[in-house]
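Okay, so here's the structure we're looking at.
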Protein chains: 2
Amino acid sequence: MRCTLVRVEETRRERKKRLTRRLIVTAALRLFEEHGYEGTTVAQITAAADVDPKTFFNYFRSKDEVLFVDTEHTYALLLGAIAERRPKEGPAEVLARMLERFTAHHMPELPPGRARELALAYRLVSTVPALQAKALYLLFDLQHKIADELCAAFPGHLDPITAAAMTGSLMGAVQQAGIAAVRLGRPQQDLWEAARVGVGVAMDGLRAQKGPDDHG
Amino acid sequence: MRCTLVRVEETRRERKKRLTRRLIVTAALRLFEEHGYEGTTVAQITAAADVDPKTFFNYFRSKDEVLFVDTEHTYALLLGAIAERRPKEGPAEVLARMLERFTAHHMPELPPGRARELALAYRLVSTVPALQAKALYLLFDLQHKIADELCAAFPGHLDPITAAAMTGSLMGAVQQAGIAAVRLGRPQQDLWEAARVGVGVAMDGLRAQKGPDDHG
DNA sequence: GTTGAAGTTTCCAGTGGCTGGAAAAATCAA
DNA sequence: TTGATTTTTCCAGCCACTGGAAACTTCAAC
């Protein structure tokens with residue numbers, strides 16, 4: 001693990017590797033935009049990046065992985081938030097703080113060229129079934145890790161099944177609320193509002209949601 | 001829609017088709033059991049069933065579809081439960097009744113030979129990543145349908161985003177709790193208990209779960 | 001029956017994601 | 001510069017899946 005906060009002198013090898021990586025990513029995104037995801041072959045990507053097809057699979061395990069580049073970084077961010085649990089926090093507070101850190105990290109500070117790429121990636125993932133499946137799988141994996149980390153943060157006080165249920169309840173609510181907002185064609189910023197609705201529902205419970213017979 | 005409760009005379013065409021279908025399914029399951037899912041090719045399946053490879057894809061859109069045969073039936077069951085909403089029920093009660101009907105339908109009445117097949121299918125789905133992905137995708141699709149149906153059951157009284165959040169919260173909690181139980185190696189029947197834990201967490205909310213500082 | 005229409009199965013040839021192995025080139029340490 | 005290691009390249013192949021067209025079955029009309 002030489003993953004320190006200060007980037008120590010990057011060797012030529014590493015630099016070329018990083019550049020090749022970005023070269024492939026940008027070429028792939030451009031082609032995806034032009035011909036669609038399914039309409040683009042890995043051969044076309046590698047031809048556009050002037051790289052051998054096999055090289056592509058050295059950098060990415062599969063075609064779809066170009067679109068899920070910084071998932072590991074996000075994983076570390078979220079799990080780190082849980083590990084830093086404060087003394088008086090309960091599980092619900094820890095999970096809430098985890099989501100807060102996520103939004104705080106993802107709302108601002110987007111490099112201009114990178115924002116376009118990200119938007120394109122979002123659009124592709126939400127429309128192409130194969131990519132949706134991949135995204136769901138990643139989210140599923142993430143929830144497993146969160147539940148484990150949550151358990152570890154409350155040793156002896158939180159049974160694994162309850163921890164998993166809490167994680168699933170919160171993440172499921174946020175996910176579905178967000179997806180619903182996208183399906184309704186709501187603009188980008190309403191998405192955060194939808195996520196907040198999801199958090200609220202999960203936190204207060206389904207019973208707290210008012211039915212049609214409640215007047216007030 | 002000639003899908004009536006009483007099976008009206010099945011023509012020879014339909015009967016042969018149904019038999020071919022089952023022939024392929026049983027052959028596939030047998031080979032999956034012997035050589036694993038990935039270790040089995042469609043060619044081997046069709047050879048074992050004495051059928052052309054192309055025929056396989058006439059019956060199933062993809063290799064994994066043999067393992068997800070009666071999903072549509074389950075969909076109809078769950079969505080039907082929501083549509084039959086009773087006058088005084090709120091959204092939470094409707095969703096709870098939906099899950100009750102599911103368990104009531106899936107706990108008993110298993111044909112003996114079919115139970116073995118189902119157990120094998122479960123084991124495969126929970127171990128092979130590609131199948132997990134497929135299952136997640138189906139569950140995702142189901143939640144979308146449930147949220148829509150739930151909205152339709154409370155016209156004008158339930159906004160789509162809240163409905164989606166409620167659906168996601170409940171289904172997410174149940175899913176993760178169930179998965180956690182499987183991961184812990186709990187026996188089959190403890191799975192239903194885990195699901196009940198999930199329902200409880202979703203119904204009462206994360207805040208209602210007691211933290212380490214609560215003494216009661 | 002015979003014929004003709006509709007549907008089902010089969011064969012053939014291809015596309016594209018992905019893999020393994022071995023050679024060639026680039027990088028780094030000494 | 002030499003030798004070891006890593007990275008890239010090329011080649012050949014597997015397998016899921018597709019399209020098109022031929023062969024066959026079913027079924028109804030005449």
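Chain naming here is simple, since letters A, B, ... match the order of the sequence lines and numbering starts at 1 in each.
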Closest nucleotide among [options] to the [X] side chain:
{"X": "B/Val42", "options": "D/dA16, C/dG17, D/dT8", "value": "D/dA16"}
{"X": "A/Asn58", "options": "C/dC11, D/dT8, D/dC10", "value": "D/dT8"}
{"X": "A/Lys17", "options": "D/dT26, C/dT10, D/dT7", "value": "D/dT7"}
{"X": "B/Thr55", "options": "D/dC17, C/dT10, D/dT8", "value": "C/dT10"}
{"X": "A/Phe57", "options": "C/dT19, C/dC11, D/dC10", "value": "C/dT19"}
{"X": "B/Thr41", "options": "D/dC15, D/dC17, D/dT9", "value": "D/dC15"}

What is the distance, to the nearest angstrom, from the [atom1] atom on [X] to the [atom2] atom on [N]?
{"X": "A/Ile24", "N": "D/dT9", "atom1": "CD1", "atom2": "C1'", "value": "13 Å"}
{"X": "A/Asp52", "N": "C/dC18", "atom1": "CG", "atom2": "C1'", "value": "13 Å"}
{"X": "B/Gln44", "N": "D/dC15", "atom1": "CD", "atom2": "P", "value": "8 Å"}
{"X": "A/Leu31", "N": "C/dG16", "atom1": "CG", "atom2": "P", "value": "14 Å"}
{"X": "A/Arg15", "N": "C/dA26", "atom1": "CZ", "atom2": "P", "value": "17 Å"}
{"X": "A/Glu65", "N": "C/dT19", "atom1": "CD", "atom2": "C1'", "value": "16 Å"}
{"X": "B/Phe56", "N": "C/dT8", "atom1": "CZ", "atom2": "P", "value": "18 Å"}
{"X": "B/Leu67", "N": "D/dA16", "atom1": "CG", "atom2": "P", "value": "14 Å"}

Look at [X] together with [Y] and state whether they make a salt bridge at an N to O cut-off of under 4.0 Å.
{"X": "B/Glu38", "Y": "B/Lys63", "value": "no"}
{"X": "B/Glu117", "Y": "B/Arg22", "value": "yes"}
{"X": "A/Arg97", "Y": "A/Glu93", "value": "no"}

Does the side chain of B/Tyr59 get closer than 4.0 angstrom to OP1 or OP2 of C/dT8 through an N or O atom?
no
Phosphate oxygens OP1/OP2 of C/dT27: is one of them under 4.0 Å from a side-chain N or O of A/Lys16?
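Yes, because at least one side-chain N or O of A/Lys16 sits under 4.0 Å from OP1 or OP2 of C/dT27.
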Checking all strands, does B/Phe60 fall into the base, sugar-phosphate, or nothing category for heavy-atom contacts under 4.0 angstrom?
nothing
So what does A/Thr46 touch, heavy atoms closer than 4.0 Å: a base, only the sugar-phosphate, or nothing?
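Answer is nothing: A/Thr46 stays at 4.0 Å or more from every strand.
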Quick one, A/Glu33 and A/Leu29 - any side-chain contact, counting heavy atoms below 4.5 Å?
no
Among side-chain atoms of B/Asp159 and B/Thr162, is any donor-acceptor pair under 3.5 angstrom?
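Yes - a donor-acceptor pair under 3.5 Å links their side chains.
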Both A/Lys54 and A/Glu38 contact DNA chain C. Taking the nearest nucleotide for each, which residue is further toward the 5' end?
A/Glu38
